[in-house]
Amino acid sequence: MKLPKPSNFIEEIVVQDIKSGKHGGRVHTRFPPEPNGYLHIGHAKSIALNFGLAAKYGGITNLRFDDTNPAKEEQEYVDAIRKDIKWLGYDWGDREYYASDYFEQLYRMAIKLIKKGLAYVDDSTPEEIAHHKGTPTTKATPTPYRSRTIEENLDLFYRMRNGEFDDGSKVLRAKISLDSPNMHLRDPLLYRIKRAHHHRTGDKWCIYPMYDFAHGQSDSLEKITHSICTLEFLPHRPLYNWLIKQLEIFPSRQIEFARLNLTYAMMSKRKLLALVNEGIVHGWDDPRMLTISGLRRRGYTPSSIREFAHRIGIAKRDNMIDMALLEFVIREELNRIAMRVMVVTHPIKVTITNYPEGKEELLSIINNPEDESAGSREVPFSKNLYIEQEDFMENPPKKWFRLSPGGKARLKGAYIIQCDEVIKDSDGQVTELKCTYFHDSKSGQDQSGIKVRGVLHWVSAPHAYEGEVRLYDRLFKVENVGASDLPTEEIINPDSLIVVPNAKMEPALKNASPDTYYQFMRKGYFCIDPDSTDDKKVFNRTVTLKDGWKRKSTK
RNA sequence: UGGCCCAUGGUGUAAUGGUAACACAGCGGUUUUUGGUGCCGUCGUUCUAGGUUCGAGUCCUAGUGGGCCAACCA
């Protein structure tokens with residue numbers, strides 16, 4: 001049997017297990033989100049790992065919602081999570097499970113533990129329990145309830161389920177250790193009383209299992225072979241294994257890897273929720289959010305996100321991935337597939353003084369130089385045009401090869417023009433350029449012999465379609481957001497969204513499609529936002545083009 | 001300051017006891033009717049000290065640095 005070469009330490013474990021015949025060579029993973037928020041790019045790493053690993057080694061992957069805390073979980077999140085995983089391109093077949101499906105079995109497992117004398121009902125308050133637990137350097141003192149009899153515990157636990165006690169008045173704890181340096185082994189809580197409406201089980205239960213008494217047991221019930229989670233669960237592993245042993249259930253194996261950290265990004269679901277609730281962003285799918293739904297709306301493709309997950313690799317050391325890598329993978333893909341169009345966001349009027357009034361030409365412009373099959377389209381040209389403000393400088397620096405007084409530049413797919421006169425308003429702002437064009441310099445049949453280095457995008461003024469453009473940039477202005485102590489409002493990038501309500505667009509964009517990825521030439525990659533209407537198209541900037549000039553000139 | 005995990009260019013990841021490599025970022029050049037793309041080049045890496053070994057990024061010990069753990073969250 002020929003196995004694919006492992007590309008990280010987890011795959012090495014899997015390969016070893018297959019070779020040794022563990023679980024009959026079966027590989028079964030799971031992705032276990034808690035439905036208390038939307039999935040983000042960090043989850044994409046985990047999804048790609050769990051689904052990718054199984055696919056690579058002939059296994060399967062379950063989707064399991066870890067819904068043991070009804071106070072925080074909602075159906076809306078379940079729906080969003082399912083949609084996002086599908087969109088990313090992964091399929092869990094009919095294996096969609098919920099920890100809440102196992103509540104009855106989990107309850108019976110707890111009974112088993114009590115009967116073995118390995119769990120007890122504790123009446124202490126949270127403060128008392130924390131106090132009794134001690135610290136990593138000091139021993140725990142047993143609470144007075146630790147020595148209750150099995151019969152008493154059985155009766156109490158039954159009555160906990162039966163709703164005879166107030167919320168928080170009792171918990172079920174495992175009886176493991178009073179002095180382990182691993183705090184998770186100092187009689188961890190297994191069940192708590194919480195009267196909250198559960199999005200799936202309704203009001204059937206008033207006791208809910210804790211993570212440690214739900215996750216591993218769900219893994220076992222589903223016969224998961226490799227239960228992959230992030231590093232912060234590493235100290236839970238001894239408890240995970242203890243429960244498998246004492247409960248005598250299927251021995252899933254927990255393996256930990258380092259979660260994703262990204263520069264200029266925030267990955268905590270709790271803080272993401274705060275951004276939404278405080279109105280700092282316009283919802284979970286705000287294109288500035290690094291949620292899957294935000295990235296989708298921003299114009300990222302599923303394959304680019306998968307490629308990103310592949311490139312960042314899997315390891316155990318803490319990492320901080322450069323945002324530039326995420327931008328690289330989407331540029332790489334969009335460069336291949338995006339339709340090139342011309343849009344002027346900050347216009348200056350250009351009048352071609354020697355071009356006949358009322359004349360118009362249709363100029364053929366290629367749609368995608370990277371893809372011949374994309375063909376070409378016709379763009380109208382006339383005497384009155386718009387060009388970008390930043391493509392004209394009155395006092396240009398060295399090596400400037402865009403337009404300047406007396407200077408020449410080519411209009412993309414059209415003619416070479418020369419700037420003859422600069423018209424300003426009373427504030428000294430440039431409002432219009434009077435230019436002449438060279439009639440024999442037409443693109444593709446240039447007989448003029450004039451050489452220019454600058455090529456500008458343009459839009460014919462009488463033909464222009466006015467659409468909205470939303471220029472997105474990174475949400476945070478500090479590199480390591482997680483390490484910042486500053487209040488959120490001080491680290492938010494004030495220019496993370498700049499709206500241009502009336503950008504000048506070539507007329508074809510009136511019929512822009514949500515299924516097409518666009519490159520606004522020389523500006524960046526854009527996609528249609530769902531806010532678009534038939535009358536008003538709205539475009540989101542996914543990412544800018546690399547800008548060699550800006551880099552050089554700001555050095 | 002108890003225990004556990006981790007340590008390879010600026011950032012990531014590989015090298016499985018035998019010549020430290022790949023990508024991103026940076027820098028330089030070239031091509032170009034997008035200052036985009038492509039192509040070429042360049043920069044720069046094994047935390048420290050001991051030990052084992054013919055040979056150590058890899059194994060052992062200690063140190064140093066970073067991270068995690070004392071929620072009725074997951």
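Order of the sequence lines fixes the chain letters, A, B, ..., with proteins taken first and strands second; residue numbering starts at 1 for each chain.
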What is the distance from CZ of Phe308(A) to P of U11(B), rounded to the nearest Å?
16 Å
Could you go through nucleotides 2-7 of chain B and list every protein N or O atom that sits under 3.5 Å from one of its N or O atoms, giving the distance for each pair?
from  : atom 1 : to        : atom 2 : distance (Å)
G2(B) : N2     : Pro181(A) : O      : 3.1

May I ask you to say what Arg453(A) touches in the nucleic acid, namely base, sugar-phosphate or nothing, with a heavy-atom cut-off under 4.0 Å?
base
Hits for side chain to side chain donor-acceptor pair (under 3.5 Å) against Asn69(A), two or more places apart or cross-chain, chain-then-number order -> Lys194(A)
NZ/NE/NH1/NH2 to OD/OE distance under 4.0 Å, Asp66(A) and Arg30(A)
no
Of the listed nucleotides (U34(B), C72(B), A74(B)), which one gets closest to any side-chain atom of Arg340(A)?
U34(B)
Taking the same atom, C1', in G12(B) and in G44(B), what whole-Å distance lies between them?
15 Å
Dot-bracket assigned to RNA chain B with the 3.5 Å Watson-Crick/G-U criterion, [ ] for crossing and | for other-strand pairs, is .((((((..((((....[..)))).(((((.......)))))....(((((..]....))))))))))).....
In terms of side-chain heavy atoms of Lys552(A), which of C72(B), G35(B), C73(B) is nearest?
G35(B)
Mutual orientation of the aromatic rings belonging to Tyr38(A) and Tyr77(A) [parallel < 30°, tilted 30-60°, perpendicular > 60°]
perpendicular
Ionic contact status for Glu73(A) with Arg200(A), cut-off 4.0 Å:
no
Heavy atoms only, 4.0 Å cut-off, all strands: where does Gly454(A) land among base, sugar-phosphate and nothing?
nothing
So what does Pro33(A) hit on the nucleic acid, given a heavy-atom distance under 4.0 Å: a base, only sugar-phosphate, or nothing?
nothing
Give a yes or no on whether the ring-centroid distance for Tyr518(A) and Phe526(A) is below 6.0 angstrom.
no
Distance, P atom - from C5(B) to A74(B), rounded to whole angstrom
26 Å
Using the P atom as the point on both nucleotides, what is the distance between G18(B) and A23(B), in whole Å?
23 Å
How is Met521(A) classified with respect to the nucleic acid when contacts are heavy atoms under 4.0 Å: base, sugar-phosphate, or nothing?
base
Test: Glu388(A) and Arg402(A) ion pair at under 4.0 Å
no
Exam field: side chain Thr291(A) to backbone Trp284(A), donor-acceptor pair closer than 3.5 Å:
yes
Just say parallel, tilted or perpendicular for the rings of Tyr211(A) and His215(A), cut-offs at 30° and 60°.
tilted
Please list, in numerical order, the residues of residues 322-334 of chain A that have a heavy atom closer than 4.0 Å to any atom of RNA chain B.
Asp322(A), Ala324(A), Leu325(A), Phe328(A)
Please evaluate the base of U34(B) for a donor-acceptor partner in the side chain of Arg522(A) within a cut-off of under 3.5 Å?
no
Classify the nucleic acid contact of Leu411(A) as base, sugar-phosphate or nothing, counting any heavy atom under 4.0 Å across all strands shown.
nothing
Please examine the side chains of Val478(A) and Val481(A), heavy atoms only from C-beta on, and report whether any two atoms are closer than 4.5 Å.
yes
Below the 4.0 Å mark, does C73(B) have OP1 or OP2 next to a side-chain nitrogen or oxygen of Arg192(A)?
yes
On RNA chain B, more 5' by nearest nucleotide between Leu545(A) and Gly134(A) is Leu545(A)
For Gln519(A) and G35(B), give me the distance from atom CD to atom P, rounded to whole Å.
10 Å
Distance, C1' atom - from G26(B) to U61(B), rounded to whole angstrom
40 Å
Please state the P separation for the pair A56(B) and C27(B) - nearest whole angstrom.
38 Å
Measure CZ/Phe401(A) against P/U32(B) and give the value in whole Å, please.
13 Å
With a 4.0 Å cut-off on heavy atoms, is Thr263(A) in touch with a base, just the backbone sugar-phosphate, or nothing at all?
nothing
Heavy atoms only, 4.0 Å cut-off, all strands: where does Glu34(A) land among base, sugar-phosphate and nothing?
sugar-phosphate
Phe157(A) and Tyr107(A) aromatic ring geometry - parallel, tilted or perpendicular at 30°/60° bounds
parallel
If we take the C1' atom in both C43(B) and C47(B), what is their distance in whole Å?
22 Å
Just checking Ser124(A): base, sugar-phosphate only, or nothing, at a heavy-atom cut-off of under 4.0 Å?
base
Give Lys194(A) one of three labels, base, sugar-phosphate or nothing, depending on what nucleic acid heavy atoms sit under 4.0 Å from its own.
sugar-phosphate
Does Tyr415(A) have any side chain to side chain donor-acceptor pair (under 3.5 Å) partners at least two apart in sequence or in another chain, and if so, which?
Glu361(A)
Side chains of Asp122(A) and Ser124(A) only: does a donor on one sit below 3.5 Å from an acceptor on the other?
yes
Quick one: does Ser218(A)'s side chain have a donor or acceptor within less than 3.5 Å of a partner on Ala214(A)'s backbone?
yes
Under the rule for salt bridge (charged side-chain N to carboxylate O under 4.0 Å, His left out), what residues qualify as partners of Asp187(A), not counting sequence neighbours?
Arg146(A)
Could you state the atom-to-atom distance from OH of Tyr191(A) to P of A71(B) in whole Å?
22 Å
Counting heavy atoms from C-beta on, name the nucleotide in C72(B), G35(B), A23(B) closest to the side chain of Arg311(A).
A23(B)
Tell me which nucleotide among U33(B), U37(B), U32(B) gets nearest to the side chain of Lys546(A).
U37(B)
Glu388(A) atom CD is separated from G35(B) atom C1', nearest whole Å, by 14 Å
Atom CG of Leu239(A) to atom C1' of C73(B): distance rounded to whole Å?
15 Å
Could you tell me the separation between the CD1 atom of Ile337(A) and the P atom of U37(B), rounded to a whole number of Å?
16 Å
Kindly assign one of parallel, tilted or perpendicular to the pair Trp205(A) and Phe103(A), based on the angle between their ring planes and the thresholds 30° and 60°.
perpendicular
By nearest-nucleotide position on RNA chain B, the 5'-leaning member of Thr125(A) and Ser7(A) is Ser7(A)
Nearest whole Å is fine: how far is G36(B) C1' from Ile366(A) CD1?
15 Å
Among G12(B), A74(B), A14(B), find the nucleotide with the atom closest to the side chain of Asn319(A).
G12(B)
State which of A14(B), C72(B), U33(B) makes the closest approach to the side chain of Ile129(A).
C72(B)
Whole-angstrom distance between U32(B) and C22(B), as gauged at atom C1'
28 Å
Does any donor-acceptor pair link the side chain of His184(A) with the base of A71(B) at a separation under 3.5 Å?
no
May I ask you to say what Asn8(A) touches in the nucleic acid, namely base, sugar-phosphate or nothing, with a heavy-atom cut-off under 4.0 Å?
sugar-phosphate
Rounding to an integer number of angstrom, what distance separates G35(B) and C40(B) when you compare their P atoms?
22 Å
